[in-house]
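These notes concern the structure reproduced below.
Worth saying up front: this structure is predicted, and the values here are computed from it rather than measured. Residue numbers count from 1 along this sequence.
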Amino acid sequence: MKYIEVREAFFKILKDIFIGAKIEGDSGYVNLMKIKSKYYQHFNKQLLQDMEVCFKKIDANTEAKVYVLEHLYTFFNKYFSDNGSIFFAYTQLKDKVTEKVYQQDKDVSLFWKTHMLYYIKTDKLYKDFLIQDTQNPIIEYFFSVQNLPLKQNNERKDIVFELNNIEYIEEQTDEAIKTITKINFDVKYAENGSKTKTEEILKKITKEDKKFKFMTEKELEFYFNTFKKQTEVDFFINKNAKKFLQEQLNFYIQNYLLSDDTLFQQEKLNHIKTIKIIGDKIIQIVSQFEDELVKIWNKPKFVHSSNYVITIDKITNQDVLKKIYTHKNLHKQIDEWIKLGFFESISLEEITTQKYKFLPIDTKYFKDIELDIVALFDNLDQQLDGWLIHSENYQALNTLQHKFKEKIQTIYIDPPYNTNASEILYVNGYKESSWLSLMENRLTLSKYFMDEEAVLVLAIDDTQLPKVSILLTEIYNDYDINTVVINHHPAGAGLEKSNISTTHEYAIFITPKGKKKLYGELKENTIDDKIGFIRTGTADSNLRVGRPNSFYAVLVDTDKNIVVGVEPPPKDDKYPIINTECGYKRIYPVSSNGVERVWRRSYNSCIKEIEKGNIISSKNHSIYLKTYSLDSHKPIFSNWLDKKYNAGVYGTNILKDIIGDSLFSYPKSLYTVCDCISLNNKYDKDSIILDYFAGSGTTAHAVIELNKKDEGERKYILVEMGKHFDNVIIPRLKKVCFSDKWKDGKAQESGEGVSQFFKYFSLEQYEEVLKKSVYEDKSPMTMDIYEQYLFMKDLKLSSVVSEIDDAAERVRIDITKLHSKIDIAETLSHLRGKFIKQITAEKVVFADGEELVFEELSHKDIKALVWW
């Protein structure tokens, strides 16, 4: 009898992983659990048969079977967390594993329990949930979440269940009328440490309906836990579950089962071999589901809900302006301006005056003429000042990496510090591990964006400084690391929990090893110097393909040996190389071996530099940019004490004046971010700055301020997933466009605006893919369910394909089946890693001249998006 009990306990673990109860609902999690339940039926049946075959081969008696299953139970129970994540959940082999991690070739190594996982950061809510009784299909358990307020990001609040009522619903079937017993529960957040009163609920249920008299508290808790798993299951995904579990199974066998005196007994070795065989079969099937989640997690994502914000001064075409001023939705745009505090009212005549040339037009109100507006720009992406992306940041980085590979000069991030104010929580309490996994996943991806000269700046506090320093040392081992102390809170904080009141935080600067990249302010007595105006290096940011707007002809008067002007960037591959009609020599940034590189300034910036006399020609007509010697700069000290770094005065108060309310806590001082960025961008004024923990949008605001100060053309990319993307970041930037003076959310008369053109959009998320993926209810393709890839022939998101022409290798797609507002041009831009030159209703043209017609896409163009 013991063998049966052990076998049932063992298979319960597997069933819990795949979920045994039938569930209904509208979420990615429910869809995933349904998929797993389908395949579990095939897996369960086959595994039972294969286990008996293994036992028969070794002529196992009951005691031997129990031995094998107990150890399989022990192993798998320790590597699956309560929510199904595969990692060091309860393993007794931590010391052995740690020894393996601390290899001798690493002088310092940081070990944490979840280091092999992707940390998934979502802002999904609990949803209404219907679960069918595991034994009786006419009994259902319904959980209502009507009484749950909005759940913030990873905020973990305990929930409690209360019995609402029991319904009896009659349903007509082909054979007869059946009665469904539906037990309804209300789900609420716990208050003052309240708990679910399971015993009391069970008494009420059994009192009302006698057929539940044999129900136990344990059974009821099973349904409660099934409901809870819908948000707990996707905190973590193992990067390589098969490798991890097989490695750990080998550890278990070698360090535990082979460590006693029975090592050389053939019977014992047979038992261990059986454990290995059965364990490998289970690992093979379990890891396939985890691998599928990894593929979904890392799949490039669709872009949707995109719009442009453009100040009126940039719309120079009178016909387009007329379409805007006579548009049926103009009143909605005016209402937004009034709501944002630009003014109390405005007439159409006033809008057209110079006073209001920096009014920001949002194309969400003018979608039918949006293409007319963007058609005004020959190199669309090059003309944008920035991109705002509403997304979980790993999903964004993974999607953006092809388009912006090696094109970023500065990354500035201010991640959550994992303190009480910005705590990362995980259901099993691995707070520190969760934070380290979150950072490792994203910092590793960051390297793909950085060109050879790039600098990464990370804001952090005392709590995480030691750990993140080791983490950075491992990831950026070929960089120099310097730390600055910033006096950001002079009044002090935290004295109620500490003996010392904290006034500081840190900025860690990651710079190319051995290179001078950070420059302080200029001294009064400066020493002139010069650098070659042509960019060097192998990254795309140094080549025409990466920065087409920085490839143009510099015109030199060879008689006087002076730079007299520039010509606009050529639109085609062919361009004039002979002298101009006036006899000026055309000089392009083409290397001696014919590689088309770029100048250190964009076309517009170069014009300004020439006016200042900063672009010069040598005797042999090499082009240089005037600059200053290293000795001309003041040193950068490691302690920043200036009052402008006060986050309260120049962070919170500035934001409150702009927004008019405290909608975001703990914003950085605007000038802290300005200085962190400018140290690396003093002489690289057309660089791109990336911030994937955007918060309130201070980084974009800082970039705009720096450009105003030195007439630069820096661009920004901001990624944020919270609701403040819509109610803080976008409003903040629109307001900054209109005026630089605000009080209580109202623009001040003395304020000055700034010209801007940015795009904002959302990305498809992990949860969306889970929800919309289609997996067939089918048997495995072959008899060997362990070695095949179970999901190979499933539909995934291929429902978007409406017609396939095999002969022409063409597909017709209807993207609206996935989302009604897909931006296919931006999606393809990220997928192919190319900047957009032009967009029309029919096609997208990339900076390198390639054109993709939307109705003639090859199946290769979208495969990675819909079938992975």
Side-chain angles (χ1 to χ4, degrees), residues 7-21 29 31-51 54 68-91 93 97 113-114 116-118 120 226 229 232-253 274-298 428 770 773 775 778-792 794 868:
R7 190 177 70 180
E8 287 180 355
F10 173 64
F11 273 92
K12 184 181 183 301
I13 295 176
L14 299 182
K15 189 174 183 180
D16 286 346
I17 295 168
F18 286 83
I19 194 167
Y29 167 75
N31 193 33
L32 172 66
M33 292 300 103
K34 287 181 177 179
I35 296 163
K36 294 177 84 172
S37 293
K38 292 173 185 177
Y39 285 100
Y40 175 73
Q41 304 306 318
H42 305 297
F43 167 52
N44 182 50
K45 182 179 178 181
Q46 186 66 46
L47 181 61
L48 274 169
Q49 293 176 0
D50 292 346
M51 283 175 59
C54 287
V68 170
L69 286 180
E70 279 184 338
H71 282 292
L72 285 169
Y73 174 89
T74 299
F75 173 76
F76 284 104
N77 190 45
K78 292 185 182 302
Y79 284 96
F80 292 111
S81 65
D82 293 339
N83 65 359
S85 295
I86 302 171
F87 72 114
F88 298 107
Y90 312 104
T91 175
L93 299 175
V97 174
K113 273 198 169 186
T114 59
M116 74 297 293
L117 306 180
Y118 289 117
I120 303 172
T226 299
K229 281 186 178 181
E232 295 174 359
V233 74
D234 50 17
F235 268 79
F236 283 137
I237 304 173
N238 197 297
K239 297 176 183 178
N240 191 334
K242 180 179 178 181
K243 178 182 177 182
F244 171 73
L245 286 173
Q246 286 182 336
E247 184 180 73
Q248 299 313 308
L249 180 58
N250 290 337
F251 276 157
Y252 182 80
I253 291 173
T274 303
I275 291 171
K276 172 67 173 168
I277 293 171
I278 297 174
D280 281 343
K281 289 180 181 293
I282 296 168
I283 288 170
Q284 186 70 29
I285 200 82
V286 168
S287 63
Q288 288 193 30
F289 290 102
E290 198 79 359
D291 289 347
E292 183 71 4
L293 296 183
V294 169
K295 290 183 178 182
I296 293 174
W297 179 241
N298 284 318
N428 278 352
L770 276 180
S773 296
Y775 292 87
K778 59 180 176 54
S779 299
M781 293 176 286
T782 70
M783 291 302 294
D784 186 357
I785 67 170
Y786 308 108
E787 295 302 323
Q788 64 179 288
Y789 184 60
L790 295 179
F791 302 107
M792 183 62 71
D794 281 307
W868 44 89

Fill in the blank from the handout: So CD of Glu247 and CE of Met116: to nearest 0.5 Å the spacing works out to 9.0 Å
Completion exercise
In short, Cys54 meets Ile278 closest at the heavy-atom pair SG-CG1, 4.2 Å
Problem - Flag side-chain contact, heavy atom, 4.5 Å: Tyr118 against Asn298 - result: yes
Practice task
Answer yes or no: is there an ion pair linking Asp280 with Lys276, defined by an N-O contact shorter than 4.0 Å?
Solution key: yes
Handout entry: For Asn238 against Leu117, the heavy-atom pair lying closest together
Key = CA-CD2, 3.4 Å
Practice task
Find the distance between CG (Leu249) and CD1 (Ile282) and round it off to the nearest 0.5 Å.
Solution key: 9.5 Å
Practice task
Evaluate the side-chain proximity of Glu8 to Lys12: yes if any heavy-atom separation is below 4.5 Å, no if none is.
Solution key: no
Handout entry: Test item: Trp868 and Glu292 side chains (from C-beta on) under 4.5 Å apart, heavy atoms
Key = yes
Exercise for the section: For residues Trp297 and Ile237, report the shortest heavy-atom separation together with the two atoms involved. Expected result: CB-CD1, 3.9 Å
Handout entry: Heavy-atom side-chain proximity of Val294 to Asn240 below 4.5 angstrom
Key = no
Handout entry: Residue pair Ala9 / Tyr73: nearest heavy atoms and the distance that separates them
Key = O-CE1, 3.6 Å
Exercise for the section: Find the distance between CG (Leu245) and OH (Tyr252) and round it off to the nearest 0.5 Å. Expected result: 14.0 Å
Practice task
Any chance you could lay out the side chain to side chain contact (heavy atoms under 4.5 Å, CB included) test for Ile253 and Phe75, step after step, and finish with the verdict?
Solution key: CA-CA 10 Å; Ile253 291 173; Phe75 173 76; over 6 Å; no
Handout entry: From OG1 (Thr74) to CG (Leu69), nearest 0.5 Å
Key = 10.5 Å
Exercise for the section: Could you tell me whether the side chain of Ile277 reaches within less than 4.5 Å of the side chain of Lys281, counting heavy atoms only? Expected result: yes
Practice task
Please tell me if the side chains of Phe244 and Glu290 come closer than 4.5 Å, counting only heavy atoms from C-beta onward.
Solution key: no
